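We count residues from 1, following the sequence as given. Note that the structure is a prediction, hence the values are computed from the model and not measured.
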Amino acid sequence: MKAPDFAYVKPASLEEALEVLSSSAGSAVPLAGGQSLVATLNLRLSTPDLLVDLGAIDELRGIAESDDMVRIGALTTHQELANSPIVRRHLPLVAKAIRHVGHVAIRNRGTLGGSLAYADPAAEMPACCVALDASIVIAGRSGRRTVPAVQFYRGLFDTDLRAGELIVEVCLPKQKPHRLWGFGELSRRHGDFALAGLAAVAEIDGGRIGMARLVYFGCTDCAKPAQGVAQKLRGQPLPIGRLEWLPQAIASDLNPTDTPGLKAHTKVQLATALTVRILNDLQPGPTGSRDPAIS
Ligand SMILES: Cc1cc2nc3c(=O)[nH]c(=O)nc-3n(C[C@H](O)[C@H](O)[C@H](O)COP(=O)(O)OP(=O)(O)OC[C@H]3O[C@@H](n4cnc5c(N)ncnc54)[C@H](O)[C@@H]3O)c2cc1C
């Protein structure tokens with residue numbers, strides 16, 4: 001199938017892009033890496049009149065650190081994230097997760113902003129941003145606003161973005177020394193979208209789980225913390241064994257539905273297995289030299 005006809009512009013600045021987007025009354029869409037959008041055009045799931053290519057807007061690129069924060073421009077590619085020493089040192093969860101995003105050709109073109117805006121329920125980056133309590137900086141004609149990632153996701157492919165707005169950057173708190181992290185996913189082949197995945201941060205006190213932020217993907221409609229599971233895990237000694245209550249708690253938090261080829265019950269079983277596996281293998285700090293840059 002071929003995409004329907006559309007017009008194309010490539011603005012040189014953020015201001016110009018916002019002007020074009022806001023004056024086209026919802027009939028224009030931003031184009032970043034095109035790794036999701038072009039497929040939806042070709043399948044005619046999306047029929048915009050105008051594509052606004054963000055590729056020339058240099059202010060949307062780059063990874064920078066301040067005292068306690070890492071700021072990542074929306075146009076930063078998955079591969080740039082994977083290769084960044086700042087990300088590997090201060091955001092080990094992201095460094096691990098990014099290796100699971102598609103294949104190298106997709107990581108070379110796909111962007112962080114595109115992934116967050118597209119809000120695929122099986123995508124890794126939305127779950128990491130929610131787990132890490134990131135903030136998403138959004139620009140529109142009337143100015144900028146900052147939305148906590150946990151409030152950004154509202155449902156299946158549904159976000160807080162309004163027509164004419166763009167994600168400009170994402171601010172992620174640096175890994176704190178006393179926090180542990182864990183990431184894992186189950187997919188049919190490496191690089192496929194996850195059937196079930198989990199991005200987790202937790203604190204351990206005297207060998208017991210304290211605060212935990214568990215964000216599942218692939219087995220639920222959008223990235224959000226599983227609060228009921230976290231509550232029930234508080235005080236649980238590590239390593240955890242077979243917890244009779246866990247599948248039911250996961251099912252209540254995630255409310256998974258049957259999808260072609262995968263029953264809701266199976267999603268819960270996969271998420272349960274991942275939860276035990278990841279909580280018993282929480283990592284203390286940066287991935288460092290154990291996870292070298294990938295190509
Ligand atoms: C074969 C294949 C396998 C894949 N596997 C995975 C995977 O395992 N995990 C995963 O997470 N992803 C996967 N992807 C998707 C990939 O990560 C995409 O890069 C990502 O979903 C979209 O990023 P993009 O830059 O390509 O955005 P685009 O495709 O250009 O845009 C996606 C959507 O976001 C909007 N958008 C883009 N940038 C912005 C912005 N700055 N502000 C507001 N809206 C914006 C666009 O208008 C569009 O609606 C896969 C893709 C393919 C083709």
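Around CD of Glu59, the count of heavy atoms belonging to other residues, nucleotides or ligands within 6.0 Å exceeds 12.
Between Pro121 and Leu156 the shortest heavy-atom distance is CG-CD1, 3.5 Å. Nearest approach of Gln35 to Ala105, heavy atoms of both residues: OE1-O, 4.4 Å. Of all non-hydrogen atoms in Gly182 and Leu93, the two that sit nearest each other are O-CD1, 3.4 Å. Among all heavy-atom pairs drawn from Ala264 and Pro256, the shortest one is CB-O, 3.4 Å. Scanning both residues, Thr111 and Gly114, for their nearest heavy atoms gives OG1-N, 2.9 Å. Taking every heavy atom of both residues into account, Ser46 and Leu41 meet most closely at O-CD2, 3.5 Å.
Under the 4.5 Å side-chain heavy-atom criterion for Ile, Leu, Val, Met, Phe, Trp and Tyr, Ile98 and Ile106 are members of distinct hydrophobic clusters. Cluster membership check: Leu279 shares its hydrophobic cluster with Leu246, using side-chain heavy-atom separations under 4.5 Å among Ile, Leu, Val, Met, Phe, Trp and Tyr. In this structure, Phe193 is not a member of the same hydrophobic cluster as Leu112, with clusters built from ILVMFWY side-chain heavy atoms closer than 4.5 Å. Cluster membership check: Leu270 shares its hydrophobic cluster with Val276, using side-chain heavy-atom separations under 4.5 Å among Ile, Leu, Val, Met, Phe, Trp and Tyr. Note on Leu180: it clusters hydrophobically with Leu214, by side-chain heavy-atom contacts below 4.5 Å among ILVMFWY residues.
No donor-acceptor pair closer than 3.5 Å links the side chain of Asp192 to the backbone N or O of Ser187. Not one N or O on the side chain of His90 forms a donor-acceptor pair closer than 3.5 Å with the backbone of Pro173. Using modelled atom types, one side-chain atom of Glu165 and one backbone atom of Arg162 make a donor-acceptor pair closer than 3.5 Å. Here the side chain of Thr220 pairs a donor or acceptor atom with the backbone of Leu254 at under 3.5 angstrom. A donor-acceptor contact shorter than 3.5 Å is absent between the side chain of Asn280 and the backbone of Pro239. Between the side chain of Arg141 and the backbone N or O of Glu19 there is no donor-acceptor pair closer than 3.5 Å. Checked by atom type and distance alone, the side chain of Arg213 pairs as donor or acceptor with a backbone atom of Val130 at under 3.5 Å. Looking only at distances, a side-chain donor or acceptor of Lys267 sits under 3.5 Å from a matching main-chain atom of Thr257. Distance alone, capped at 3.5 Å, is enough to place a donor-acceptor pair between the Lys174 side chain and the Ser66 backbone. Put simply, the side chain of Ser23 gets close to the backbone of Val20: a donor and an acceptor are under 3.5 Å apart.
Looking at heavy atoms from C-beta onward, Lys10 lies in side-chain contact with Tyr8 at the 4.5 angstrom threshold. Annotation: side chain of Leu31 is not in contact with side chain of Val29 (no heavy-atom distance under 4.5 Å). For the pair Val150 and Lys224, the minimum side-chain heavy-atom distance is 4.5 Å or more. In this structure, Val137 and Arg144 have side chains that are in contact, with non-hydrogen atoms separated by less than 4.5 Å. Looking only at side-chain heavy atoms (C-beta outward), His265 and Asp258 stay at 4.5 Å or farther from each other. The closest side-chain heavy-atom distance from Ile63 to Thr76 is below 4.5 Å. The shortest side-chain heavy-atom distance between Thr40 and Tyr118 falls under the 4.5 Å cut-off. Side-chain atoms of Val168 and Leu60, non-hydrogen and from C-beta on, do get closer than 4.5 Å to each other.
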May I have the step-by-step check of side-chain contact (heavy atoms from CB on, under 4.5 Å) for Ile167 and Leu161, ending in yes or no? CA-CA 8 Å; Ile167 296 177; Leu161 268 177; 4.2 Å; yes
Take Leu172 and Val170, measure what side-chain contact (heavy atoms from CB on, under 4.5 Å) needs, and give me the verdict at the end. CA-CA 6 Å; Leu172 293 120; Val170 184; 4.0 Å; yes
Under the criterion side-chain contact (heavy atoms from CB on, under 4.5 Å), I'd like the reasoning laid out for Asp58 against Arg61: C-alpha separation, chi angles, the key distance, then a yes or no. CA-CA 5 Å; Asp58 286 340; Arg61 297 183 190 280; 3.7 Å; yes
Working note: Tyr153 + Thr159, criterion side-chain contact (heavy atoms from CB on, under 4.5 Å); need CA distance, chi angles, decisive distance, verdict. CA-CA 5 Å; Tyr153 292 101; Thr159 72; 4.0 Å; yes
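For the atom pair CE of Met211 and CG of Leu233, the computed distance is 12.0 Å after rounding to the nearest 0.5 Å. Annotation: the span from Cys222 atom SG to Arg154 atom CZ amounts to 10.5 Å, rounded to 0.5 Å. A distance of 7.5 Å separates NZ of Lys176 from CG of Asp68, quoted to the nearest 0.5 Å. The distance from atom NE2 of His103 to atom CG of Asn108, rounded to the nearest 0.5 Å, is 13.0 Å. His100 NE2 to Arg107 CZ: the interatomic distance, rounded to the nearest 0.5 Å, is 9.5 Å. How far CD of Gln151 is from OG1 of Thr146: 11.5 Å, rounded to the nearest 0.5 Å.
Side-chain contact, Tyr216 with Thr275: a donor N or O sits under 3.5 Å from an acceptor N or O.
The aromatic rings of Phe217 and Phe183 lie parallel to each other, with less than 30° between the two planes, well short of the 60° mark.
For Arg208 and Asp205, the salt-bridge test fails: no basic side-chain N is under 4.0 Å from an acidic carboxylate O. Ionic pairing of Arg145 and Asp160 is present here: one or more N-O contacts between side-chain nitrogen and carboxylate oxygen are shorter than 4.0 angstrom.
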